[in-house]
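Throughout, residue positions are numbered sequentially from 1 according to the sequence presented.
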Amino acid sequence: MVSAPTKTHCPYCSLQCGITLDVSAGQVVLAPQSDFPTNRGGLCAKGWTAAELLAHPDRLTSPLVRDERGSPLRRATWNEALERVVANFQKTQADHGRDAVGCFGGGGLTNEKAYQLGKFARVALRTSAIDYNGRFCMSSAAAASVRAFGIDRGLPFPLSDVARADAILIVGGNPADTLPPAMQYFDQGRARGAKHIVVDPRRTATATRADLHLQPVPGTDLTLANGMLNIVVRERLIDHEYVAERTSGFEAVRRAVRLYWPDRVERITGVPENDIVAAARMLATAERAMILTARGAEQHSCGTDTVQAFINLALALGLPGSPYSGFATITGQGNGQGGREHGLKCDQLPGYRKLDDPAARAHVGQVWGINPADLPSSGRSAYEMLSGIGTPGGVRALWVLASNIAVSAPNSHHVIEKIGNLDFLVVSDIFLSETAALRCRKSMAIEMVRLADPWTLRQLTICTRGLAELPAHARQLIEHLRASAERPTPP
């Protein structure tokens, strides 16, 4: 047992606020770190109360299994639970093929757990059916960033830089409610005269603090971005030297946005022409400016193109790479990016290595000690995998880890209906979530001590170190992934 307070991170959102945990008195006492650069002594309500979950009376401490579809969940031993998992996975794969068993992860998994889950799926199960709830988060922004910059990064500059920017455009984000400790930097910027623009159909807490609030018709953010770039081009506010030296393809973009003249954009988006022009000029004339997109702009059928359009605007103004300027996405989950980096996407191995790249397969196969030919091919992305449950070639047995897809998945009623068609469902979570409570043909819930692990983080990476003792009968996720993998599998 650790006797001195341990520096670590809050387990919830992408801010990963610095906290300390003191277990010397026999219980977990949480306090903010006053010198941590993200929160500097502040926490939101969830952060302050995070440790209360560890001893919550509803916390699961042993596996629960359901013997029949209509029967209630009952306690089981770990050996019985894991034997059921292995037996049902083996039977499903023997009857329907390897891809009939799927794994669905979450952005709250630590790096080790994300890596272990991806390896478990591709080595132990040899299934292509793996993805995670990061697909519902910032995957559109990740795809746009890879397309524009060749790399997937959420916030490529220190959060404290926000206070030094002279103009900031926030698109589809409400950090005043979702990332309260971050607002100190926005407030500092406004106090020194910075201008803030918020694009959001709703009058949010963040929008009420802004100098200019643009309220587009939902789904028209892409048109608005192109309209702002049209103004920048027309009024010759482009950073021509930056564009010539550091970008490619700008002439094609220039031609494309010629059709987005301000009065037409007003008719499409509902945003007054004068406000669109004012916003474009505010960004373009600022010495240091930022464009920040979030889920409101990204979670559309054209989300990647929308983010790309705002990146185009940022590049035309010469923002990325300039001091206290740039483009970034305001991320949500605690380790959504870590999940992608460590292999939870259906088409990606650890280190952003693509499954269709022979060199990447060879490298990972060597590290894992397997024949690269035994690695599965790319699978279906998150929603496609869930929507295909029970269909020919679809998943028939599913392990959900650190995700509550019955609540968070798009078209959740459809997803719940699909889950009911599973032959076998396993859910790993610290509480009996809505997903864990669902009934399929056979189902079970296995407890996973998820929230205890992120509080043992060190520095700025999501990695695990033991701190507080687990409740009796509880196990960490890595333990029961390993235990499942070590049991015999079909040829």
Side-chain angles (χ1 to χ4, degrees), residues 89 93 96-107 109 111 113-154 248-249 298 301-305 307-308 311 329 335-389 391-399 401 403 481 485 489 491:
F89 281 4
Q93 290 190 319
H96 304 286
R98 292 193 178 277
D99 289 346
V101 174
C103 297
F104 195 97
L109 292 173
N111 284 341
K113 293 179 175 64
Y115 181 91
Q116 186 91 335
L117 176 56
K119 185 177 180 182
F120 173 80
R122 296 182 174 108
V123 177
L125 296 177
R126 289 173 60 184
T127 179
S128 68
I130 176 173
D131 214 284
Y132 82 130
N133 63 13
R135 290 282 188 180
F136 311 146
C137 189
M138 61 169 289
S139 285
S140 296
S145 293
V146 170
R147 184 190 294 173
F149 304 118
I151 192 170
D152 164 18
R153 282 294 179 269
S248 61
E298 300 160 11
S301 59
C302 58
T304 299
D305 290 337
V307 176
Q308 179 73 68
I311 291 175
T329 60
N335 202 28
Q337 185 165 308
R340 294 191 298 281
E341 290 177 342
H342 290 81
L344 288 187
K345 286 179 68 176
C346 66
D347 59 344
Q348 213 163 262
L349 293 165
Y352 293 109
R353 295 176 175 88
K354 291 291 188 179
L355 273 161
D356 59 3
D357 179 359
R361 294 174 67 91
H363 175 81
V364 174
Q366 181 181 26
V367 172
W368 285 350
I370 63 172
N371 187 336
D374 291 336
L375 286 169
S377 58
S378 297
R380 300 179 182 180
S381 61
Y383 185 76
E384 285 71 26
M385 179 172 70
L386 297 176
S387 188
I389 288 173
T391 63
V395 167
R396 304 183 70 94
L398 181 65
W399 194 341
L401 304 98
S403 184
L481 280 173
T489 56

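- The distance from atom OH of Y352 to atom CD1 of I151, rounded to the nearest 0.5 Å, is 7.0 Å.
- Looking only at distances, no side-chain donor or acceptor of D347 sits under 3.5 Å from a matching main-chain atom of S378.
- For the pair D374 (side chain) and V123 (backbone), a donor-acceptor distance under 3.5 Å is absent.
- Heavy atoms only, all atoms of each residue included: A121 and I130 are closest at CB-CD1, 3.7 Å.
- When every heavy atom of A362 is checked against every heavy atom of P372, the shortest pair comes out as CA-CG, 3.7 Å.
- Note that CZ of R340 and CG of N335 are 9.5 Å apart. Values are rounded to the nearest 0.5 Å.
- The side-chain heavy atoms of H342 and K113, taken from C-beta on, include no pair separated by under 4.5 Å.
- In this structure, CG on L398 lies 6.5 Å from CG on L386, to the nearest 0.5 angstrom.
- Judged by distance alone, the side chain of R380 and the main-chain N or O of A129 form no donor-acceptor pair under 3.5 Å.
- Pairing each heavy atom of G106 with each of S403, the nearest pair is CA-CB, 4.4 Å.
- Within the 4.5 Å cutoff, the side chain of D357 has no heavy atoms near those of the L349 side chain.
- Of the possible donor and acceptor atoms, one in the side chain of R122 sits under 3.5 Å from a partner among the backbone N and O of G343.
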Exercise. Just do the side chain to side chain contact (heavy atoms under 4.5 Å, CB included) check on K354 and Q348 with the steps written out, would you?
Key: CA-CA 5 Å; K354 291 291 188 179; Q348 213 163 262; 3.8 Å; yes
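- In this structure, F149 and I311 have side chains that are in contact, with non-hydrogen atoms separated by less than 4.5 Å.
- Using modelled atom types, no side-chain atom of Q93 and backbone atom of V101 make a donor-acceptor pair closer than 3.5 Å.
- Side-chain N or O atoms of D152 include none that pairs as donor or acceptor with a backbone N or O of V146 at under 3.5 Å.
- Smallest separation of non-hydrogen atoms from Y132 and G339: CE1-CA, 4.1 Å.
- Interatomic distance, CD of Q308 versus CZ of R147, reported as 5.0 Å (0.5 Å rounding).
- The environment of CD in Q366 is sparse: at most 12 heavy-atom neighbours from other residues, nucleotides or ligands sit within 6.0 Å.
- A donor-acceptor pair under 3.5 Å links the side-chain atoms of R361 to the main chain of L375, judged by distance alone.
- R135 CZ to L344 CG: the interatomic distance, rounded to the nearest 0.5 Å, is 10.5 Å.
- Atom CZ of F104 sits about 10.5 Å away from atom CG of L401, to the nearest 0.5 Å.
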Exercise. Show the numbers, then the answer: is there a side-chain hydrogen bond (donor to acceptor under 3.5 Å, both in side chains) between D99 and S128?
Key: CA-CA 6 Å; D99 289 346; S128 68; 3.1 Å; yes
